[in-house]
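Worksheet for the structure shown next.
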Amino acid sequence: MPTSDPAASPDKMPSCLKPLMFQSFVCTMALMTFAALAGPIGRSLGLAPWHMGIAVTAGGIAWILTARTWGSASDRHGRRPVLLGGLGGFAASYAGLCLITALALEDGMPALAALAGLVAGRTFAGAFFAAVPTAGAAMIADHVAPARRAAAMGTLGMASASAMVIGPAVAGLIAPYDLVLPLLVAAALPVVAFATSWWLLPRTEKPQRPAAPRPPPHLTDRRLRRPVILAFVGMVAVATAQMVVGFYAIDRLGLAPQEGARVAGIALTCVGVALMLTQATVRVLRRPPDVLVRVGAAVAGLAFMGAVFAVTPLLLYLCYFLSAIGMGLLWPSISAMAANAVEPHEQGSAAGTVSAAQGLGTVVGPLLATVIYTVDETAPYVLIALLLLALVPGGARRTAAAARETITEAPTPGG
């Protein structure tokens, strides 16, 4: 039976959560700033939507290939060194990505050269960033009792949600005047995350080791099958919605690139507000993760279907807000389901497996979305709505058992 840090209590969150929240806030703010500008940047550089899809896909492939390696490394060597290594590499590679983009915008770099720079920058950024959610989720699982893991993941999600409010808002306000300045600000943020994590992350942790050596969970491990499917579909939906919103605002609503950037920024800001409110609620809810998953998938799926009929910015904002309420229920529950399914020495590998599924979603989502977008502007939203709604009945038979498990496994101090 999975256990937790003996020092953890059922109601008190660990001290490591604060630095994890800060690094999640800062890194997400950097990523969301770039996401809000992706459509206008592509248009300004003369790139087609599928070109930007390739750049995002490259980062997702790197994420897939490295996530389990980072997770296993954190099981062997501890969470702190893996987190710091990932943050340091992400800071350097993301700064390079923003610098290349800024040079391309300012100096009129040829479209092919600009695309090559974007692909390279996204690849390295994705490879290093994979360490951050993987080792972070494993560190939470190390210190939080099973019944409270969804709440802890929700607390971490609040930090990301706050960044999703601030990042796109800043980008949306500045972008109509200058597309480069938001990129320069975003490039500095991961450096701040690395510095604060170096100072605040626990230094006394010990790697988790089993009594007898055993291999880490496989990608097809039955215990992780449902969390992996949920993580993949959820990330396909999120990555698709982020990728097409700028193009959708320009083409569907008939806006100029700079105005499209503003609308995309506001839409993603609405996402951040909804996530922040929803995950604050998840912190106090004592509902089984599978219940939250089913409700979240239903709400998000219906909201994305509504985006098909959004013909004004206000309607688009409303659909993104409602979809984020659903995703705010879904995301922390996925991480909690995976953590509760495995043993302490497997937490890093399990988190890496789920993270790899998310990485696969960032590959499939933007690439597929930008291809079908060229056929019909509304097709990406229809696709992700149907995928999410297909998840709703998937856990119905597990819900009663999960509810009983939550009651019977109510932890006591000492794990």
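Just so it is clear, the model here is predicted, and its values are computed rather than measured.
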query = Is there side-chain contact between Val293 and Leu329, with at least one heavy-atom pair below 4.5 Å?
reply = no

task = Identify the two heavy atoms, one from Ala310 and one from Leu253, that lie closest to each other, and give their separation to 0.1 Å.
result = O-CD2, 4.1 Å

message = Nearest 0.5 angstrom please: Leu201 CG to Thr196 OG1, how far?
response = 8.0 Å

query = Can you pull the side chain to side chain donor-acceptor pair (under 3.5 Å) pairs that have at least one residue in residues 90-103, sequence neighbours excluded?
reply = none

task = Can you measure from SG (Cys270) to OH (Tyr317) and round to the nearest 0.5 angstrom?
result = 7.5 Å

query = Could you give the distance from CD1 (Ile41) to CG (Leu47), rounded to the nearest 0.5 Å?
reply = 10.0 Å

task = Decide yes or no for Val236 and Leu387: does some side-chain heavy atom of the first lie under 4.5 Å from some side-chain heavy atom of the second?
result = yes

message = Strictly distance-based, threshold 3.5 Å: is any side-chain N or O of Thr374 a donor or acceptor partner for the main-chain N or O of Val371?
response = yes

Nearest heavy atoms of Ser333 and Leu292, plus distance in Å = OG-CB, 3.2 Å

inquiry  = The test is side-chain contact (heavy atoms from CB on, under 4.5 Å); show your working for Leu84 and Phe194 and say whether it passes.
reply    = CA-CA 7 Å; Leu84 291 177; Phe194 176 82; 4.3 Å; yes

Pairwise ring-ring contact (aromatic ring centres under 6.0 Å, His included) hits with a residue in residues 233-274, at least two apart = Tyr248-Tyr381

request  = May I ask you to test the Leu105-Leu183 pair for a side-chain heavy-atom distance under 4.5 Å?
outcome  = yes

message = Working note: Leu200 + Lys18, criterion side-chain contact (heavy atoms from CB on, under 4.5 Å); need CA distance, chi angles, decisive distance, verdict.
response = CA-CA 9 Å; Leu200 295 175; Lys18 290 183 178 179; over 6 Å; no

Rounded distance [0.5 Å steps], CE in Met243 versus CG in Leu368 = 12.5 Å

ask   = What's the shortest heavy-atom distance between Ala130 and Trp63, and which atoms?
value = CB-CD1, 3.4 Å

task = On the 0 to 90° scale, with breaks at 30° and 60°, tag the Phe129-Phe90 ring pair as parallel, tilted or perpendicular.
result = tilted

ask   = Counting only N and O atoms by type, is there a donor-acceptor contact under 3.5 Å from the side chain of His77 to the main-chain atoms of Ser74?
value = no

ask   = Side chains of Thr240 and Leu383: does their closest heavy-atom pair fall under 4.5 Å?
value = no

message = Could you check whether atom CZ of Phe124 has more than 12 heavy atoms from other residues, nucleotides or ligands sitting under 6.0 Å from it?
response = no

key: Qualifying salt bridge (Lys or Arg N to Asp or Glu O under 4.0 Å) pairs with a residue from residues 242-251, counting only residues at least two apart or across chains   = Arg43-Asp251

ask   = Residues two or more places apart in sequence or in another chain: which of them pass side-chain hydrogen bond (donor to acceptor under 3.5 Å, both in side chains) with Thr378?
value = Asp376

ask   = So how far is it from His51 NE2 to Leu112 CG, rounded to the nearest 0.5 Å?
value = 8.5 Å

message = Thr353 vs Val228, test: side-chain contact (heavy atoms from CB on, under 4.5 Å). Steps then yes/no.
response = CA-CA 7 Å; Thr353 300; Val228 163; 3.7 Å; yes

query = Can you name the nearest heavy-atom pair linking Val244 to Ala369, along with the distance?
reply = CG1-CB, 4.0 Å

inquiry  = Holding to side-chain hydrogen bond (donor to acceptor under 3.5 Å, both in side chains), I want the full list of residues that pass it with Trp70, two or more places apart in sequence or in another chain.
reply    = none

inquiry  = Among residues at least two apart in sequence or on other chains, which ones pass side-chain contact (heavy atoms from CB on, under 4.5 Å) with Ala116?
reply    = none

query = Does NZ or CZ of Arg80 lie under 6.0 Å from the centre of the six-membered ring of Trp198, at an angle within 45° of the ring axis?
reply = yes

side-chain contact (heavy atoms from CB on, under 4.5 Å) partners of Ala193, counting only residues at least two apart = Gln23, Val26, Cys27, Leu87

message = Could you tell me if the side chain of Met337 sits less than 4.5 Å from the side chain of Leu230, heavy atoms only?
response = yes

request  = Before giving the answer on side-chain contact (heavy atoms from CB on, under 4.5 Å), spell out for Thr281 and Leu277 the whole-Å C-alpha distance, their side-chain angles and the decisive distance to 0.1 Å.
outcome  = CA-CA 6 Å; Thr281 303; Leu277 295 175; 5.7 Å; no

request  = Report yes if the side chains of Arg68 and Thr134 come closer than 4.5 Å at any heavy-atom pair, otherwise no.
outcome  = no

inquiry  = Could you work out, with salt bridge (charged side-chain N to carboxylate O under 4.0 Å, His left out) as the rule, every residue matching Arg252, not counting sequence neighbours?
reply    = none

request  = For residues Val245 and Leu316, determine if any side-chain heavy atom of one lies less than 4.5 Å from a side-chain heavy atom of the other.
outcome  = yes

ask   = Residues two or more places apart in sequence or in another chain: which of them pass side-chain contact (heavy atoms from CB on, under 4.5 Å) with Ile100?
value = none

inquiry  = How close do Ala307 and Cys319 get, counting heavy atoms only, and between which atoms?
reply    = N-SG, 3.4 Å

task = Go through the structure and list residues passing side-chain contact (heavy atoms from CB on, under 4.5 Å) with Leu322, not counting sequence neighbours.
result = Ala303, Leu318, Ile325

ask   = side chain to side chain contact (heavy atoms under 4.5 Å, CB included) with Phe304: which of Leu386, Leu388, Val299?
value = Leu388

request  = Please list all pairs passing the ring-ring contact (aromatic ring centres under 6.0 Å, His included) test where one or both residues lie in residues 253-276, with sequence neighbours left out.
outcome  = none

remark   = dist Leu83:CG -> Ser197:OG (nearest 0.5 Å) comes out at 7.0 Å

key: Minimal non-hydrogen separation, Gly234 against Leu330, with atom names   = CA-CD2, 4.3 Å

